[in-house]
Amino acid sequence: MTRLPKACIIGAGSSGIAGAKTLLQRGIPFDCFEKSDEVGGNWAFGNRNGMSAAYRSLHINTSRQRMEYPDFPMPADWPDFCHHSHIKRYFNDYVDHFGVRQHIAFETAVQHAARRPDGVWEVTLEGGEAREYDALVVANGHHWDPRWPEPRFPGAFSGREMHAHEYVDTTGFEGKNVVVLGMGNSAMDIAVEASLVADNVYLAARRGAWIIPNYIFGKPSDQMPNDPRLPVRVRLGIMQKILETVQGRPEDFGLPKPDHRLGEAHPTVSNYVLSRIQHGEIQPKPNIARLEGDRVRFSDGSVVEADIIVYCTGYKVTFPFFDASLVSAPDNDLPLFRRCFHPELDNLFFLALLQPLGATMPLAEAQSKWIAHYLRGEYHLPSRAEVRRDIERERRRMFKRYVKSKRHTMQVDFDEYLVALDKEIRAGMARARRAGYALPVPAKAAASAGEPGTGEVVAA
Ligand SMILES: Cc1cc2nc3c(=O)[nH]c(=O)nc-3n(C[C@H](O)[C@H](O)[C@H](O)COP(=O)(O)OP(=O)(O)OC[C@H]3O[C@@H](n4cnc5c(N)ncnc54)[C@H](O)[C@@H]3O)c2cc1C
Ligand SMILES: NC(=O)c1ccc[n+]([C@@H]2O[C@H](COP(=O)([O-])OP(=O)(O)OC[C@H]3O[C@@H](n4cnc5c(N)ncnc54)[C@H](OP(=O)(O)O)[C@@H]3O)[C@@H](O)[C@H]2O)c1
């Protein structure tokens, strides 16, 4: 009998609950700490943690068949693009189905996590209690810390400036002139909704985007054949041709011409924005150049009256519980081995710290299984030098493929990622076999009996 290492999971959003379920199934002792009083993170509209970016009308833009965990399908009679209330229910059903809820410590935020020289994590909870762990799994989400335009636009605005994270519904937008900045999914949804009640809506962008409809040929567009064995250029080239033929090019609607091919930016999905532009209810504009009191000047010299500016300018990746000298992501960039294992700290893992072409939930689940193999000694990492080379290779490929932007620092292609991860796990299992299944992360942390999820002694 060998004592397995004990893990701490930070967060019980869709990523943290996948981690907790997997560690529970694999007999790995863990504590899962959740700041809020409920699971679901971003998908719990009005979450008491104040971190959810969900607005009243939010629907998923990755189809439910892409988003569901492989071992827990969403009900077949749910819509393809469910409302956030469905998704929250789904995560609650998931934790109850797998018996995970009782292993989550709710309203218990992790305040600080420090790594001792012997590798043990000292985790301090809000309120001051300190606990020890052999491994740390970070699942605190990366869409809650608003990124405002950097640098701020020159001039001053006398109206209301808000970030998409604050947006709940169109209350207060009635009869107003609204400028929405950005070409991501927040900008699309908010501009469309605002256009139903506001006098004027201006959609400002510094760069064009391909607008992908939710459906193509009657199927959710993220379920179009996407065989990862075909070169990505071929796959996306076909998709771009289909879009141009069926829908038209963005510049045909007065939007900026994308400076990239389809698939070289995080997908912008909207069924409605082009239609609202065609109806004259949204007016495309280039980037904001200057704020002039109750007016906004754009980079083409045009000026409009404005009451509200909604900055849909994305999010910062932050870890308030780490000392920045230990772990941080300046400009949203944190290199990780296959977007999960920290390359230098061999007992630190991140769930869904990635931006997929596709949904995050099955990827968080696959990463959790990988971590479980590792913590049980069934998977061994390649040498540190090979890990670094692998990270560099992946980063070179990513930065070459995607438009240079702080939103493209952790892009992965859903299908490619899962195929490559499966291959890596099999290679690491062979390494573990050769090494006699030694535990890469030995159990050193003081056992704390009676805590949720603690199964102290487990056969490896
Ligand atoms: C508006 C919007 C729509 C989106 N739509 C989609 C979509 O359709 N499909 C898709 O795949 N992705 C979508 N995303 C991406 C989104 O990030 C994921 O869907 C998903 O929420 C990621 O889950 P997570 O668990 O990693 O993070 P979160 O959902 O953010 O959950 C993190 C959890 O960690 C907890 N936490 C944070 N810090 C601490 C701490 N210090 N101590 C304890 N607990 C802590 C939080 O309370 C929270 O419960 C969307 C994002 C946004 C902003
Ligand atoms: N319905 C849904 O399911 C839904 C809805 C909303 C959001 N989401 C998800 O939530 C995540 C965040 O989306 P998001 O749209 O909030 O953010 P995002 O994808 O990061 O997009 C930010 C947008 O703002 C632009 N931008 C950033 N800084 C700027 C500046 N200083 N000046 C001008 N433009 C600037 C970016 O342009 P560049 O490209 O040039 O950097 C980009 O167009 C994504 O994963 C998204 O898919 C999903």
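Order of appearance sets the numbers: ligands from 1, and atoms from 1 within every ligand.
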Taking 4.0 angstrom as the limit and counting only heavy atoms of [X], give me the atoms of ligand 2 inside it, by number and element.
X    : result
Q355 : 44 (C), 45 (O)
S186 : 6 (C), 7 (C), 13 (O), 14 (P), 15 (O), 16 (O)
L58  : 1 (N), 2 (C), 5 (C)
Y55  : 5 (C), 6 (C)
Y315 : 16 (O)
C312 : 22 (C), 23 (C), 24 (O)
G184 : 15 (O), 21 (O), 43 (O)
P149 : 31 (N)

Per-residue contact class, M51 against ligand 1 - non-hydrogen pairs under 4.0 Å: side chain
Atoms in ligand 1 with a heavy atom of [X] nearer than 4.0 Å:
X    : answer
I60  : 8 (O)
F33  : 43 (C), 44 (N)
A109 : 42 (N), 43 (C)

Partners meeting salt bridge (charged side-chain N to carboxylate O under 4.0 Å, His left out) with E264 (sequence neighbours left out): R261
Where does [X] meet ligand 2, judged by heavy-atom distances below 4.0 Å: at the side chain, the backbone, both, or neither?
X    : value
R407 : side chain
K406 : neither
N287 : side chain
D189 : side chain

Exercise check, heavy-atom protein proximity under 4.0 Å to atom 9 (C) of ligand 2: no
Heavy-atom nearest neighbour of atom 37 (O) of ligand 2 within options R206, H59, R207: R206
Heavy-atom nearest option to atom 32 (C) of ligand 1, drawn from G314, P320, A139: A139
A164 heavy atom under 4.0 Å from ligand 2: no
Test item, S186 contacting ligand 1 (heavy atom, 4.0 angstrom): no
F321 to ligand 1, any heavy atom closer than 4.0 Å: yes
N or O pair under 3.5 Å between K35 and ligand 1: yes
F33 and F321 aromatic centres sub-6.0 Å: no
Looking at [atom], what's its closest protein heavy atom, distance included?
atom                    : result
atom 14 (N) of ligand 1 : W43 CZ2, 4.3 Å
atom 25 (C) of ligand 2 : G182 CA, 4.1 Å
atom 41 (O) of ligand 2 : S405 OG, 2.6 Å

Lys/Arg-Asp/Glu bridge criterion (N-O < 4.0 Å) met for D169, R56: yes
Within 6.0 angstrom of F157 CZ, more than 12 heavy atoms from elsewhere: yes
Just list the side-chain donor-acceptor pairs under 3.5 Å for residues 71-82, sequence neighbours left out, or say none.
unit_1 : atom_1 : unit_2 : atom_2 : d
D71    : OD2    : K21    : NZ     : 2.5
D80    : OD1    : Q65    : NE2    : 3.1
D80    : OD2    : Y215   : OH     : 2.8

Side chains of D323 and H112, donor plus acceptor under 3.5 Å: yes
